[in-house]
Amino acid sequence: MNGSPIPSSVTSSPKPNDILNVDGKRILCIADIKGNLSQLNQLARDANAHIIVHTGDFGFYERASLPRISDRTLKHLIQYSTLIPPYVRTRLNNAPIDQVRRTIETAPQPYLSEFPEFLANEKKLEVPVYTVWGVCEDVAILEKFRSQEYAIPNLHIMDEATSHLLDVGGVKLRLFGLGGAVIQHKLFDNGEGTDTIAGGAGTMWTTALQLGELVETAQKVHDASETRVLVTHASPGREGLLAQLALFLKVDFTISAGLHFRYGIMYNEFSTQSSQELYRDRLLESQHSFLGLWEAIKAQVESYVDEHQARLLQNTLDVVNRLPPSLDPSDDSSDYSYGSREESAFKNLWNFNLPDAALGWIVLDVRHGHVGAEMKSQGFNFAYRRSSTNHTPYAGSSPALSTATFPSRPYQDKQHKSDWNDGQSTIANGHPASDDAQDDRHMKRQSNMPRSPYAIFVGGLQGDITEEDVRQFFGPETVTDVRIPIDPETKKHKSHCYVDLVDPVALDNALAKNGQMLNEGKLTISRAPQNDARRGRNARTRSFRPPPK
């Protein structure tokens, strides 16, 4: 922290605000490239886009970044990278962290990010790209862009010190950007950063000084004829501080990364809140949280700040105190008349949350002064419902909001054992059926039931593995069903299970985990045979034998 609870003053001159006249009319909005920068060009071609707005994580990493990345962040990058071949990822996931670092450092191709290839002009961006940094980035690289030591043609980094004006389709779009995670206790910590931007250990976050400087930048370029857009990595829908910032800057749109959903989201607060008071209450909670932190460290911070920093912090406090007026007639906190208290942004400010780039995007189509929107999403694969009629999701549940498409099936007691568990008896006419009778019914059910095309066999289970353990191992959002057979003699779980997945991508990712460890057991993962994916010990193929003579 450089011995201070807040970053030092800006040491380099801010870049001038960019004013760019472009002929493009389709603006592609995407999130989470994760270092696969070549995908930007492909997505621009697929969407017929002239400009890209990206909300992080971009992939600001190079080989020199490796020692600065924490072990935990490095494992996360490996797990979700689209640049690492599946068989290499499997080996890296099972290797000691020192070996992982040596492999990445000596690999001929970049495993962290394609950024070095674009920096060296070996690869090029085909359209202008405007991006903020995300959570998983190297702060040292962003500082080199700030000092203009680094530059990539067609790449424009949106930060608190600059804004960008796009004259497109009869509309002047003013872009403001704010990157990093919004973490309350880090708002006054710049980590390893030496400027207003903050980060460390391969991650980045937002600071109070960034908020203050963004306000200052916006005030310098204010023009009532412009349409204002705030691009952030975190979502204003979840972070009240960012929602207050949008109010203070009087923006017309916010664009942010989502929560790894499979659909994009377009909404305004009027469409999701039943009243302006509920909207105000959410921001009031954010205000109380920030002010509580500020009161705790105020004396320490004020003893370090210089005049410029004090002005930026005051800007941030102005943002925190920006709340929609209360509509309660008994609330005398506002001088406005009751009729003038309505917050225009409550109905007019639109928010766009994006899925990951591999899953979809939103295109802003700007023509003749109108800003239209198109959404494309990979969505969920519901084909499994044609092959599984025994389960239904919770009524009214959304797959995007639940940890799995289906809730876990609780194991029933010994008087009501599940039909899905091999060798267990079922209830027939109020009495436990015999094992032989249950086996016959089980075999008929399985032979007549269509099976999931994305089923896998998982062997090598050790200990008391539960369905939830398996779901978490493969990713709960990708698993539609887990079946762990029960041994009819020991009444314990067998050492294997069958897992149904949502789509081919999830299937490939699951197969790539072959050989990984789960609860001290080395897993054997393969595609489940379509005729045997749901069979147990007593559902083997039986041949006819003639009776003895």
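Here NE2 of His260 is found 5.5 Å from CG of Asp32. Values are rounded to the nearest 0.5 Å. Going from atom CD of Glu239 over to atom OG1 of Thr206 covers 8.5 Å, rounded to the nearest 0.5 Å. Here CZ of Arg174 is found 12.0 Å from CG of Leu249. Values are rounded to the nearest 0.5 Å. Here CE of Met204 is found 4.5 Å from CD1 of Ile197. Values are rounded to the nearest 0.5 Å. Considering CD1 of Ile78 and CG of Leu83, their distance stands at 12.0 Å, rounded to 0.5 Å. With rounding to the nearest 0.5 angstrom, the SG atom of Cys29 is 11.0 Å from the CD atom of Glu374.
Here the closest non-hydrogen pair linking Pro355 and Phe261 is CB-O, 3.2 Å. A pairwise comparison of heavy atoms in Ala208 and Thr316 identifies O-OG1, 2.6 Å as the closest pair. Of all heavy-atom pairs spanning Lys34 and Tyr80, the tightest one is CD-O, 3.5 Å. Across all their heavy atoms, Arg101 and Leu66 have their closest contact at NH1-O, 2.9 Å. Taking each heavy atom of Ser377 and Gly264 in turn, the nearest pair found is OG-N, 3.4 Å. Shown here for Ile52 and Ala44, the closest heavy-atom pair between the two residues is CD1-CB, 4.1 Å.
Side chain of Thr232 to backbone of Ser235: no donor-acceptor contact under 3.5 angstrom is found. Side chain of Gln210 to backbone of Thr207: a donor-acceptor contact under 3.5 angstrom is found. A donor-acceptor pair under 3.5 Å is formed between the side chain of Ser303 and the backbone N or O of Gln300. Put simply, the side chain of Tyr61 gets close to the backbone of Gly202: a donor and an acceptor are under 3.5 Å apart. The backbone N or O of Val139 lies less than 3.5 Å from no partner atom in the side chain of Trp133, so there is not a single donor-acceptor pair. With hydrogens and angles ignored, the 3.5 Å screen pairs no side-chain donor or acceptor of Arg146 with any backbone N or O of Ala161. Arg26 places no side-chain N or O within donor-acceptor distance of the main-chain N or O of Val363, the cut-off being under 3.5 Å. Judged by distance alone, the side chain of Asp281 and the main-chain N or O of Leu284 form no donor-acceptor pair under 3.5 Å. Within the 3.5 Å criterion, the main-chain N or O of Leu323 finds no donor-acceptor partner in the side chain of Gln287. Under the 3.5 Å distance criterion, the side-chain polar atoms of Asp469 are matched with a main-chain donor or acceptor of Thr466.
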| task | Could you go through the side-chain hydrogen bond (donor to acceptor under 3.5 Å, both in side chains) check for Asn268 and Ser271 one step at a time? | result | CA-CA 5 Å; Asn268 67 2; Ser271 69; 3.2 Å; yes

| request: Apply the test side chain to side chain contact (heavy atoms under 4.5 Å, CB included) to residues Val482 and Phe474: give CA-CA distance (whole Å), side-chain angles for both, the deciding distance (0.1 Å), then the verdict. | output: CA-CA 11 Å; Val482 177; Phe474 289 105; over 6 Å; no

| request: Report the C-alpha separation of Asn36 and Ile33 in whole Å, then their side-chain angles, then the decisive distance to 0.1 Å, and conclude whether the side chain to side chain contact (heavy atoms under 4.5 Å, CB included) test is met. | output: CA-CA 6 Å; Asn36 190 354; Ile33 287 293; 4.2 Å; yes

| field | Derivation and outcome, side chain to side chain contact (heavy atoms under 4.5 Å, CB included), residues Leu178 and Leu211 | value | CA-CA 8 Å; Leu178 188 69; Leu211 291 167; 3.6 Å; yes

| request: With side chain to side chain contact (heavy atoms under 4.5 Å, CB included) as the test, would you mind laying out the steps for Leu312 and His308 before giving the verdict? | output: CA-CA 6 Å; Leu312 297 184; His308 177 241; 3.6 Å; yes

| Evaluation steps, side-chain hydrogen bond (donor to acceptor under 3.5 Å, both in side chains), between Arg322 and Gln244 | CA-CA 6 Å; Arg322 175 63 168 92; Gln244 290 174 283; over 6 Å; no

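Side-chain atoms of Asp252 and Val371, non-hydrogen and from C-beta on, never get closer than 4.5 Å to each other. Side-chain contact between Thr73 and Leu77 is present, with at least one heavy-atom pair separated by less than 4.5 Å. Side-chain atoms of Gln79 and His76, non-hydrogen and from C-beta on, never get closer than 4.5 Å to each other. Within the 4.5 Å cutoff, side-chain heavy atoms of Ile97 are placed close to those of Leu74. Looking only at side-chain heavy atoms (C-beta outward), Val182 and Leu242 come within less than 4.5 Å of each other. Within the 4.5 Å cutoff, the side chain of Ile69 has heavy atoms near those of the Leu112 side chain. Side-chain contact between Ile362 and Met375 is present, with heavy atoms from C-beta onward closer than 4.5 Å. Residues Tyr130 and Ile27 fail the side-chain proximity criterion, which asks for heavy atoms closer than 4.5 Å.
Ring orientation note: the planes of Phe270 and Phe346 are nearly perpendicular, at an angle over 60° on the 30°/60° scale. Using bins of under 30°, 30° to 60° and over 60° for the plane-to-plane angle, the ring pair Phe380/Phe382 lands in the tilted bin.
Heavy atoms of other residues, nucleotides or ligands lying less than 6.0 angstrom from CZ of Arg311 number more than 12. Atom NZ of Lys144 has more than 12 neighbouring heavy atoms from other residues, nucleotides or ligands inside a 6.0 Å radius. A 6.0 Å sphere centred on CD of Gln219 holds more than 12 heavy atoms belonging to other residues, nucleotides or ligands. Heavy-atom neighbours of Arg45 CZ from other residues, nucleotides or ligands within 6.0 Å: above the threshold of 12. Around atom CD of Glu285, no more than 12 heavy atoms belonging to other residues, nucleotides or ligands sit under 6.0 Å away.
Just one residue in the list Phe176, Phe352, Trp350 forms a ring-ring contact (aromatic ring centres under 6.0 Å, His included) with Phe253, and that residue is Phe352. Only one option out of Asp57, Val231, Leu155 pairs with Thr131 in a side chain to side chain contact (heavy atoms under 4.5 Å, CB included); it is Leu155.
Between Arg68 and Asp138, at least one side-chain N (NZ, or NE/NH1/NH2) sits under 4.0 Å from a carboxylate O, which counts as a salt bridge. The pair Glu269-Arg282 meets the salt-bridge criterion, with a side-chain N (NZ, NE, NH1 or NH2) lying under 4.0 Å from an Asp/Glu carboxylate O. Salt bridge Glu226/Lys250: absent, no basic N to carboxylate O contact under 4.0 Å. Checked for salt-bridge contact, Lys376 and Asp46 miss the test: no charged N lies under 4.0 Å from a carboxylate O.
With hydrogens and angles left out, the side-chain atoms of Ser38 and Asn41 include no donor and acceptor closer than 3.5 Å.
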